[in-house]
Every structure is written in structure tokens, then in C-alpha cells.
Amino acid sequence: MEAVFTYEEFTTRNIGFVSEAEQKILKNLRVFVPGVGGMGGTAVACLARAGVENFIIADIDYFEISNLNRQVFSSMNVIGKDKATVTKEVLESINPQIKAELRNKNWVNELDEILKKTDIVINGCDDIKSTIQLMRKCREYKLPAIDAFASPLPNVYVIRPDDQRPEEVFGFPTVNLPMDKITKEIEGQCLLKEVEHIAVYSSSLNYVDLKIAKEIMNGTRKRISFSPMVWTTGCMMAYEVVRLALNKKGGPGVKGMFFNPWTCNIEKPQGWLTSSIRRFFVKRFLSKI
């Protein structure tokens, strides 16, 4: 017996978590996701099953063996295949009404066109320079964006249109710097500033091998990643999309929040004095490694 898809039947068990009117808002939401590997891919998968039907997807990579440990759309059947294309195919197999527009590695230069038809951005890209440009453009187009830190703890942060840009909050040396002046050396300094922010506002450094962390910061090792952390973060990002779309109160703000699964605590920014003291010791610690 052939199954007949209807959106109403597909989303019937959503109702109660969201109202029918809210489900309609999700259906029509337009989400741009550059980077559909780990966190971005998980967020997209959650939103597609929540009934979101309009995506713009960009990715520059192909699936490889090292992706199998965490990327929700990866499998041995798709090794060597384009991530964006595979993601589109899987989404359409979940909901044949989904409209997924694909963009290639040139997406950074197409942001004006992309953001004109976007409601919310999820950043799944781990390239610092591209992320800076994306966040600047989101301010220009007055769009909210959702991102996550390079932390071993699940986390999320939300940049609303009037918020400071992450580069301003984290103290990047790129503030007021034209995009063509951002060098690889400056990107490395930005990574250190992000790590400093993570260490000040969370207990992340307690849960990572510091020898490995040093290699990552020196650029001799890829960022570490772990499926429970990645999937939890992707789910948190999807929740923030729903919060923004349905105008729910709360949210982590641009400084972010961390979920510590080892202690079952939520870690949020502390007061100015506590943060200043922690920053002093964090800087000393990071200078040693």
C-alpha cells in the first residue's frame, strides 16, 4: 500500500508543543544554513521534521570518513558526495514538499541575494572570516542569526538584529577592519579570543585534553568533535529558531549559554566582577599553552 503524504498528517504530533497557527508559521519560515555538516546539519534535520519547508543550504565540502562520527546526514553510502546535495535529497525524503535551494562555495559573495529571501540564519560554517562577513550582513539586513562556539560543551548563542556583532562581543581584532584586510594570522588571533570567551563563561576547559587544544590553536590539528555534543548543540540551535519564529521570550543572547551534561548545569555569563577575575586567570593560562 502506497503511503500518501500530507503536511497535516506529517505534523499532527507537533500540535500541542505548538499550536496550529504556530505550525503554519514554521511551515512558511525561510531559513538559510551555510554549513550542513555537524551542528548545522543536525539543526536542519530537526527543523525539517518540525515542519519547516523552506531552506537555503550552502556547503563547500564532500562527505568523508571522519564525518561519520557526528554528522547526521553522513553514511558510508554518501562518502565522496556533495554535502549540500545529499542534505537536500534527505530532506525531500522526509517531506516531499520541502523547497531546498542549494548554494556552492561562492555563497559568501551571494549574501545580498540570499539574505533578501531569508527570515533566520543558522551558521553551521566554521570558517572565521566567512562567519564575520555573514554576521555583518545579517546586521545590514536586520536578520537574527544563531551560532555556536567551538566548545566541548553543547552551547548556543543568538545574535538579534540590534545586538553587537560577535566579533565585537568577543574582542576580535577585526572590528572595523575591511574584509579584504583580514589575514590568516588575524583569523588565528580571533580563534584565541573565542577560546578565551568560552573559558571565561563556561567550564569547557575542564573537559578537553589541553595538549590537543594546543595543537588545535596552533593549527596543527582539526577541531575536535563528538556526536552527543554536536547533536545536542544542533537541537539547541533548532530550538532558538523556533523561539525566534514564534516570538517566544528568553534565549541565550549573544554571549551564549552552555549546557554541561556532566553536571546537568546551565552555564551562563556571570557578573562583571566575576568575569573580569576569571578573564585575568584565563589569559595567563592560555598564554602558557
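Because the structure is a prediction, the values reported are computed rather than measured.
Across Gln164 and Ile159, no two heavy atoms sit closer than the pair O-CG2, 3.7 Å. The two residues Leu68 and Ser74 make their nearest non-hydrogen contact at CA-OG, 3.6 Å. Of all non-hydrogen atoms in Phe55 and Ala48, the two that sit nearest each other are CZ-N, 3.9 Å. Residues Met229 and Ser225 approach most closely at CE-OG, 4.2 Å, considering heavy atoms. When every heavy atom of Lys137 is checked against every heavy atom of Asp112, the shortest pair comes out as NZ-OD1, 2.8 Å. Scanning both residues, Thr174 and Arg136, for their nearest heavy atoms gives O-NH2, 2.9 Å.
The cationic group of Lys83 lies under 6.0 Å from the six-membered ring centre of Phe63 and within 45° of the ring axis, placing it in a cation-pi geometry.
Remark: the Tyr62 side chain and the Asp82 side chain contain no N/O donor-acceptor pair separated by less than 3.5 Å. Side-chain contact, Ser203 with Asn260: a donor N or O sits under 3.5 Å from an acceptor N or O. Side-chain polar atoms of Asn123 and Thr131 form a donor-acceptor pair below 3.5 angstrom.
Taking the charged nitrogens against the carboxylate oxygens, Glu53 and Arg30 have no contact shorter than 4.0 Å, which rules out a salt bridge. Electrostatic pairing of Asp126 and Arg223 does not count as a salt bridge here, judged by no charged N lying under 4.0 Å from a carboxylate O. A salt bridge links Lys211 to Glu215: at least one charged side-chain nitrogen sits closer than 4.0 Å to a carboxylate oxygen. The existence of a salt bridge linking Glu101 and Arg103 is confirmed by a sub-4.0 Å separation between a basic side-chain nitrogen and an acidic carboxylate oxygen. Checked for salt-bridge contact, Arg243 and Glu240 meet the test: a charged N lies under 4.0 Å from a carboxylate O. A salt bridge links Glu64 with Lys222: the distance from a Lys NZ or Arg NE/NH1/NH2 to an Asp or Glu carboxylate oxygen falls below 4.0 Å. Salt bridge annotation for Glu92-Lys88: present, with a cationic side-chain nitrogen under 4.0 angstrom from a carboxylate oxygen.
Looking at heavy atoms from C-beta onward, Trp107 lies in side-chain contact with Ser130 at the 4.5 angstrom threshold. In this structure the side chain of Val241 reaches within 4.5 angstrom of the side chain of Ile146, judged on heavy atoms. With contacts defined as side-chain heavy-atom distances shorter than 4.5 Å, the pair Val169/His197 qualifies. The shortest side-chain heavy-atom distance between Pro154 and Met236 falls under the 4.5 Å cut-off. Proximity of Ile182 to Leu177: side-chain heavy atoms (C-beta onward) are separated by under 4.5 Å at one or more points. For the pair Pro161/Pro144, a side-chain contact is recorded, criterion being any heavy-atom separation below 4.5 Å from C-beta on. The shortest side-chain heavy-atom distance between Ser93 and Val90 falls under the 4.5 Å cut-off. Leu134 has its side chain out of reach of Val108: every pair of non-hydrogen atoms, C-beta onward, lies at least 4.5 Å apart.
At least one donor-acceptor pair under 3.5 Å links the side chain of Glu22 to the backbone N or O of Ser19. Although no hydrogens or angles enter the test, the distance criterion places a donor-acceptor pair under 3.5 Å between the side chain of Ser275 and the main chain of Gln270. In terms of modelled atom types and a separation under 3.5 Å, the side chain of Glu9 and the main chain of Thr6 share no donor-acceptor contact. Between the side chain of Thr118 and the backbone N or O of Ile120 there is no donor-acceptor pair closer than 3.5 Å. Under the 3.5 Å distance criterion, the side-chain polar atoms of Glu194 are matched with a main-chain donor or acceptor of Ala150. Side chain of Arg165 to backbone of Met135: a donor-acceptor contact under 3.5 angstrom is found. Side chain of Asp59 to backbone of Val36: a donor-acceptor contact under 3.5 angstrom is found.
Classified by interplanar angle (parallel below 30°, tilted 30° to 60°, perpendicular above 60°), the ring pair Phe10/Phe5 is tilted. Using the six-membered ring where Trp is involved, Phe170 and Tyr157 have ring planes that are perpendicular, over 60° apart on the 30 and 60° scheme.
Taking CE of Met179 as the start and CD of Gln133 as the end, the distance is 4.5 Å to the nearest 0.5 Å. Here Asn67 contributes atom CG and Phe73 contributes atom CZ; the two are 13.0 Å apart, rounded to the nearest 0.5 Å. Separation of atoms CD1 (Ile132) and NZ (Lys129) is listed at 9.0 Å; rounding is to 0.5 Å. The distance from atom OG of Ser204 to atom CD of Glu267, rounded to the nearest 0.5 Å, is 6.5 Å. For the atom pair Glu113 CD and Leu115 CG, the distance stands at 10.0 Å (nearest 0.5 Å). Distance check, rounded to the nearest 0.5 Å: CD1 of Ile94 to CD of Glu89 gives 12.5 Å.
The number of heavy-atom neighbours closer than 6.0 Å to OH of Tyr141, taken from other residues, nucleotides and ligands shown, is above 12. Counting non-hydrogen atoms of other residues, nucleotides and ligands closer than 6.0 Å to CG of Asn106 gives a total above 12. The neighbour count for Lys105 NZ, taken as heavy atoms of other residues, nucleotides or ligands under 6.0 Å away, does not exceed 12. Counting non-hydrogen atoms of other residues, nucleotides and ligands closer than 6.0 Å to CZ of Arg49 gives a total of 12 or fewer.
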Please evaluate residues Glu187 and Thr183 with respect to the criterion side chain to side chain contact (heavy atoms under 4.5 Å, CB included), reporting the C-alpha separation (whole Å), side-chain torsions for both, the decisive distance (0.1 Å), and the verdict. CA-CA 6 Å; Glu187 288 186 58; Thr183 63; over 6 Å; no
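For the pairing with Phe149, the side-chain contact (heavy atoms from CB on, under 4.5 Å) check across Val156, Ile198, Thr233 returns one residue only, Ile198.
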